[in-house]
2 protein chains.
Amino acid sequence: MFTIGDLSTKTGVSTEAIRYYERIGLIPEPQRADNGYRVYAEADVERLHFIRRARTLDIALDEIEEILAFRERNEPPCSHVMRVMERRIEEIEHRIRDLQRMRDEIQHLHEAGKQLPEDVQMKSCVCHLIQTGIREEVTNNG
Amino acid sequence: MFTIGDLSTKTGVSTEAIRYYERIGLIPEPQRADNGYRVYAEADVERLHFIRRARTLDIALDEIEEILAFRERNEPPCSHVMRVMERRIEEIEHRIRDLQRMRDEIQHLHEAGKQLPEDVQMKSCVCHLIQTGIREEVTNNG
DNA sequence: ACTTGACCTTGTAGTGACTACAAGGTGTAG
DNA sequence: CTACACCTTGTAGTCACTACAAGGTCAAGT
């Protein structure tokens with residue numbers, strides 16, 4: 001039997017996030033002690049461990065809720081979870097590619113910016129490159 | 001002289017985002033026509049082009065505001081911008097590494113999950129792996 | 001001239017996943 | 001008793017938008 005602070009310590013989830021999860025229905029409303037404090041059981045610890053671990057994998061809360069709902073319906077969620085994972089892998093790989101492109105572009109801008117003077121009007125300097133992209137600058141120099 | 005819709009079309013920024021930017025002070029309040037409509041000039045187009053391009057590089061709005069404030073103070077923002085870019089490159093690289101770790105972990109979980117049965121109690125299946133991580137599962141098998 | 005639909009206005013609330021108060025009650029070590 | 005950490009509920013804020021609601025304006029088509 002734990003208070004919300006105990007649960008927070010055990011799971012690494014803030015008390016505020018726990019209350020938030022209860023509010024959105026991700027975790028059940030717990031029993032209350034005579035003083036009105038929430039009282040949690042070991043099953044709540046396990047549920048929050050699952051939630052927290054899934055969150056570190058950037059699985060959305062509504063997705064997590066859906067997975068947990070399988071158990072409540074006495075259905076095994078596993079193939080559903082496998083599909084969630086497959087989607088996550090794709091999303092992550094897509095995001096990595098986006099970020100790599102972004103990084104490459106900033107690096108190009110940064111390298112080009114080293115050759116340019118400073119300009120308070122932001123017309124012939126690195127800031128102008130941000131505005132127009134690097135391709136147009138090359139054209140103007142040609 | 002443009003309406004907000006014209007400005008939106010020219011810059012690819014939604015009218016709603018333009019009003020939002022005005023509200024938070026990122027762009028100046030424009031003149032108004034007799035009918036109360038906002039009236040924008042070419043300088044506003046350029047400013048929004050800069051903002052939009054910086055946003056595609058995931059530069060935060062308050063950071064963008066800071067860059068644009070240099071011009072208003074008649075200071076060249078360029079070395080500041082170069083530092084912003086350097087930080088962005090680091091942040092992006094850090095995020096890429098995080099995502100790569102995350103993807104690798106999900107792939108491991110997914111591979112391991114193929115060998116496991118389905119379990120409505122989520123105790124001996126891939127869902128349990130999510131909760132505990134894969135290392136502990138391997139230990140239990142040993 | 002009227003109609004209609006696209007555009008404009010302001011104000012407000014919602015998104016997702018939290019986080020941070022404010023105001024007040026409870027428990028316990030010192 | 002005091003002080004401080006913990007608890008409660010309720011609300012608002014973060015970030016970068018997005019999406020209404022309610023009402024005004026414009027102009028092409030009838």
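Quick note on labels: first sequence line is chain A, next is B, and so on, each numbered from 1.
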- Item | Residue from B/Val45, B/Thr11, B/Val39 passing side-chain contact (heavy atoms from CB on, under 4.5 Å) with B/Phe2 |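 Of the listed residues B/Val45, B/Thr11, B/Val39, the side-chain contact (heavy atoms from CB on, under 4.5 Å) partner of B/Phe2 is B/Val45.
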- Item | Sugar-phosphate, base or nothing in reach of B/Arg19, heavy atoms under 4.0 Å |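 Base contact - B/Arg19 has a heavy atom under 4.0 Å of at least one base atom.
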- Query: Within the structure shown, what part of the strands sits under 4.0 Å from A/Ile4 by heavy-atom distance: base, sugar-phosphate, or nothing?
  - Reply: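 A/Ile4: backbone/sugar contact only, no base atoms under 4.0 Å.
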- Item | OP1 or OP2 of D/dC17 under 4.0 Å from side-chain N/O of B/Arg23 |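 No, B/Arg23 has no side-chain N/O under 4.0 Å of OP1/OP2 on D/dC17.
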- Distance check: side-chain N/O of A/Thr3 vs OP1/OP2 of D/dC6, anything under 4.0 Å?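 So the side chain of A/Thr3 is outside the cut-off, no N or O lying under 4.0 Å from OP1 or OP2 of D/dC6.
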- Task: Calculate, to the nearest 0.5 Å, the distance between atoms CZ and OG1 belonging to B/Arg38 and B/Thr15 respectively.
- Result: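 Reported value, rounded in 0.5 Å steps: 9.0 Å.
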- Could you tell me the separation between the CG atom of A/Leu7 and the OH atom of A/Tyr40, rounded to the nearest 0.5 Å?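 Taking CG in A/Leu7 and OH in A/Tyr40, the distance rounds to 6.0 Å.
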Could you tell me how far apart [X] ([atom1]) and [N] ([atom2]) are, to the nearest whole angstrom?
X	N	atom1	atom2	value
A/Tyr20	D/dT14	OH	P	17 Å
B/Glu22	D/dC17	CD	P	16 Å
B/Leu26	D/dC17	CG	C1'	13 Å

- Item | Most 5' of B/Asn35 and A/Glu16 on DNA chain C, judged by nearest nucleotide |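 Closer to the 5' end of DNA chain C: B/Asn35.
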- Toward the 5' end of DNA chain C, which comes first, A/Tyr37 or B/Thr15, by nearest nucleotide?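 The residue closer to the strand's 5' end, by nearest nucleotide, is B/Thr15.
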- Can you pull the salt bridge (Lys or Arg N to Asp or Glu O under 4.0 Å) pairs that have at least one residue in residues 6-16 of chain B, sequence neighbours excluded?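 Not a single pair qualifies under salt bridge (Lys or Arg N to Asp or Glu O under 4.0 Å).
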- Query: Which is the 5'-most and which the 3'-most nucleotide of DNA chain C that has an atom under 4.0 Å from a heavy atom of chain B?
  - Reply: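 The contact span of chain B on DNA chain C goes from C/dC7 to C/dT10.
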- Item | Pairs involving residues 62-83 of chain B, ordered by first then second residue, that meet side chain to side chain donor-acceptor pair (under 3.5 Å) (sequence neighbours left out) |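 Of all non-adjacent pairs touching residues 62-83 of chain B, those that pass side chain to side chain donor-acceptor pair (under 3.5 Å) are A/Glu118-B/Ser79, B/Arg47-B/Glu72, B/Glu63-B/Arg87, B/Arg73-B/Glu75.
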- Item | Shared hydrophobic cluster for A/Phe50 and A/Phe70 (ILVMFWY, side-chain gaps under 4.5 Å) |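 No, no single cluster joins them.
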